[in-house]
Amino acid sequence: MPETLLDIKNLKIEATVYPPGEDPHDITIVEGVSVSLEGGKVLGLIGESGAGKSTIGLSAMAYGRGGVRITGGEVTLNGRDILELGYKGLRGLRGREVTYVAQSAAASFNPAKRLMEQVIEATLKHGLCSRAEAEARAVRLFGKLGLPNPETIGSRYPHQVSGGQLQRVMTAMALCPEPSLVIFDEPTTALDVTTQIDVLAAIKEAIRDTGVAALYITHDLAVVAQVSDHILVLRNGKKVEYGPVKQIIEDPHEDYTRALVSVRSIDHNEKEPAEPVLRVDNVTARYKGTNFDVLSNVTVDVAPGQTLAIVGESGSGKSTLARAITGLLPPSAGRITFADRTLSPDLKSRSRDDLRELQMIYQMADVAMNPRQTVGTIIGRPLEFYFGMRGEEKRKRVQELLDQIEMGTGYIDRYPAELSGGQKQRVCIARALAAKPRLIICDEVTSALDPLVADGILKLLLELQAQEGVAYLFITHDLATVKAIADSIAVMYQGKVVRYGTKTRVLTPPFDDYTDLLLSSVPEMRLGWLEHVIETRKMESAGN
Amino acid sequence: MKLVSQRIALGLVLILAISVLIFAGTEILPGDVAQSILGQSATPEALANLREELGLNEPALSRYLDWLFSALQGDLGTALTNGKDIASSIAGRLGNTLFLAFWAAIIAVPLALTLGLVAARYAGRWPDKLISGVTLATISLPEFVVGYIVMYILAVNYRLFPSTSVIYDSMSLWEKLNAIALPVIVLVLVVLAHMMRMTRAAILNVMQSPYIETAELKGLKPAAIIARHAFPNAVAPVVNVVMLNLAYLVVGVVVVEVVFVYPGIGQYLVDHVSKRDVPVVQACGLIFAAVYISLNILADVVSILTNPRLRHPK
């Protein structure tokens, strides 16, 4: 019988909230969650944002972020209830028995200190070994995690290594004190899909080789299926389902789990090619003061009422293309034609109709809205600006738009802070729609949303397209989204379009190298996918 | 270090520009040096002769260049009122002012940083409130009020230190320190609050960062987190405020010097402003500008050097 390492019983976690205009009060974030973990095993915690997965993860260190407090239950680690330890005892536990890998390694490293100093800090502070030995340990871990130049990378500063490398260094930092439990909190969520797969493989191998137990927190079931032994599905701070990974993926018992497993199941058949509404012709662009083209010779078309998906990793020039089309970055060469007229490269000299017919929706709905304006004011502004609507007429139209985005009555006088993430994005869609555009540029509009909410947004966008005949230029790094919504696809890499055509054509082999890498890196919801991809790549590189 | 040399070059250009301003400023005042020397009742011939003698009929540009080059060689001209060499009179005065500023800074800067760190460590609790309240009170009072209060308590009631701070060369260091104790105390109280509050605010700002959570989850002690992880990232804003206050200690101490009858450069300037001694005012202005700009350059350079992104580019 293997030993139980972590035993959480009937956990209750509360926080004090300070809503504007109300008295501060306590809310329950997590209630009645019990789970246990054997030494050397990996437990996946999965759920949408607000499900309490990070909060539960951090309870294994008896740590609450901000005003979060553990108010009930037991957390037993290595045979003792750590909630009874007191501050001093907890200091001895944190960074020694339990360590933590955060989502954003870039923000979680001190920018003013060298990596090695930070990696061995906990090991030294807890007096686990000498400095020389700790450094040797770190170098071994750097090598194991596949970092380049393991001997010297420690002398660099955080800003001198890439995001994927930083995430591995953070994993090395967590493993250095040789803890019995590591908490991985969305360690690959902020990474590009082709980087994610390498980091994921490195983490999995390190867990296996060191025999450490882990809590793996993520919202992506396909990712957690690759690394976990057991999965705990959470929703609104309560347990939905717990079981071995195979059962959760292949035979989920609960409806909610089934929804998570079958997410992104939108069927969308591509439409027939048609005369384009937007034509980007040989566009080249660079930022002021640089001598490097961020876009070179990009040629794509968007047909009316259809969706062109622009796919690529960060830095591939996807958003720059949007900036060139909207006139924020005048191209240095090439031509952009919109609705049979040539668009002036510069935003200032465009007509009001040019502006109206070309709208944008952004990734961060939060910051794309003025927090001090009500939903009615936000959506009403384009109505006023483009159509001169006032008073009752405007309010009626705003309500129509709210009905269209399926939000109904009762929202028009609310402020953005009173809406959920998905609702905020819907308001942004309504604002774009208010201008009666022919084309909407959607820049990563679902990336910041939970999978189920994102699904709802995609369905809404497709319905609106059918009703209004609006075309989308859909920028994303997520290939599952592309499959759900696109009629044609352009794959971008280093400022160039490397593959372009109808959806079926782009997604049918033979592939070019980059598209192949991109497609094979998308996590799939089946066991053993990660090993399979890594194995295939090893064989291919050996064959070359 | 391209950035650093850029800053220094920029500083030199700035000092040059200030020298033009100082020269032009005194030039557009009504009356000229000859008029001030001879007074209102001077005959036109006497004025013309003196102007010829002083070279005042030369074009403004050549007089400016003359003044600038002699100033660069350490010759600041002679004072009109007493005919003494300005450079040698200023040297002693400036030395006294720097002496006072040095001891005030030696006490104020470490004290302010420590109090700021302590206030940040206990943010919102009683040590923070006490430190913030007291420093706020001392900065809110005008320095002459602080000066007379300190003098009343420490010099009149307890007779610990002399109420006037006369110092001369033959005094030993200990005697000098005893003499300047009161103005040092006043200056420390005046500059403390700024630096302390900036340190506290900068540290608290950094404490919101995710890497502070990382440090907490490593099981480090709060004091170690502030000293090792928060402070190195709060240096840049703090250094700027520290340098502004150091500059103030040199160029802004006129009132304190007058209150304690201290023979510093501030008093010298005030004396000669009232006598319309233009060359002296120009010389003091130039020195003040140079001190101010060099300290600010120093702040910039320190900020650059403590920023690993600038020190170690990709």
Side-chain angles (χ1 to χ4, degrees), chain A residues 54 57-58 60-66 85 87-115 117-128 155-162 166 170 173-174 176-177 179 182-183 185, chain B residues 1-3 6 113 116-117 120-125 198-199 202-240 299-314:
Chain A
S54 289
L58 286 170
M61 304 173 99
Y63 184 83
R65 266 192 192 131
L85 276 182
Y87 186 63
K88 221 171 165 185
L90 282 177
R91 263 203 337 252
L93 166 110
R94 293 174 184 162
R96 177 180 188 165
E97 271 177 82
V98 190
T99 56
Y100 181 71
V101 178
Q103 170 170 359
S104 169
S108 300
F109 274 103
N110 186 338
K113 293 204 171 292
R114 293 179 195 274
L115 292 173
E117 209 46 49
Q118 306 190 50
V119 167
I120 62 172
E121 186 175 21
T123 313
L124 292 185
K125 281 283 157 181
H126 292 293
L128 299 177
S155 63
R156 295 184 172 216
Y157 283 89
H159 70 274
Q160 293 175 307
V161 303
S162 73
L166 216 47
M170 185 136 204
M173 182 157 92
C176 192
V182 182
I183 302 163
D185 194 351
Chain B
M1 296 300 291
K2 197 172 143 221
L3 264 173
Q6 259 178 4
L113 296 185
L117 292 174
R121 163 70 178 87
Y122 297 100
R125 311 205 336 234
M198 192 66 207
T199 309
I203 295 274
L204 287 183
N205 188 26
V206 171
M207 290 300 276
Q208 308 291 325
S209 315
Y211 54 81
I212 297 299
E213 186 183 278
T214 308
E216 258 179 276
L217 292 178
K218 281 177 178 171
L220 303 188
K221 288 179 190 155
I225 292 175
I226 290 183
R228 290 174 51 86
H229 289 281
F231 188 65
N233 290 291
V235 165
V238 173
V239 161
N240 274 294
D300 277 2
V301 170
V302 172
S303 303
I304 291 172
L305 290 183
T306 53
N307 185 340
R309 276 170 203 278
L310 298 175
R311 199 156 28 105
H312 304 274
K314 282 203 174 189

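Lettering follows sequence order; numbering is per chain, from 1.
In this structure, no portion of A/Leu93 lies under 4.5 Å from any heavy atom of chain B. At a 4.5 Å heavy-atom cutoff, the contact between A/Tyr63 and chain B is made by side-chain atoms alone. With a 4.5 Å cut-off on non-hydrogen atoms, B/Arg311 touches chain A through its side chain but not through its backbone. A/Arg114 touches chain B through its side chain: at least one heavy atom from C-beta onward sits under 4.5 Å away, while N, CA, C and O do not. Both the backbone and the side chain of A/Ala107 come within contact range of chain B, each with at least one heavy atom under 4.5 Å from a heavy atom of that chain. Neither the backbone nor the side chain of A/Arg156 has a heavy atom closer than 4.5 Å to any heavy atom of chain B.
When all heavy atoms are compared, the tightest approach of A/Ser108 to B/Thr214 is O-OG1, 2.9 Å. Nearest heavy-atom pair across A/Leu166 and A/Ala106 is CD2-CA, 3.5 Å. Minimum heavy-atom separation, B/Ser303 to B/Asn240: OG-ND2, 3.7 Å.
Under a 4.0 Å N-O distance rule, the pair B/Arg228/A/Glu121 qualifies as a salt bridge.
Residue with the most contacts toward chain A among B/Ser209, B/Pro210, B/Ala215: B/Pro210 (heavy-atom pairs, distance under 4.5 Å). When each of A/Arg65, A/Lys88, A/Arg91 is checked for heavy-atom pairs under 4.5 Å with chain B, A/Arg91 comes out on top. When A/Ala102, A/Pro158, A/Gly95, A/Pro111 are compared by the number of non-hydrogen pairs under 4.5 Å with chain B, A/Pro111 comes out ahead.
Within the 4.5 Å cutoff, no side-chain heavy atoms of B/Val206 are placed close to those of B/Ile226.
Rounded to the nearest 0.5 Å, atoms CE (A/Met170) and CG (A/Leu115) are 11.0 Å apart.
Counting only distance, with no hydrogens or angles, the side chain of A/Lys113 and the backbone of B/Pro232 share no donor-acceptor pair below 3.5 Å.
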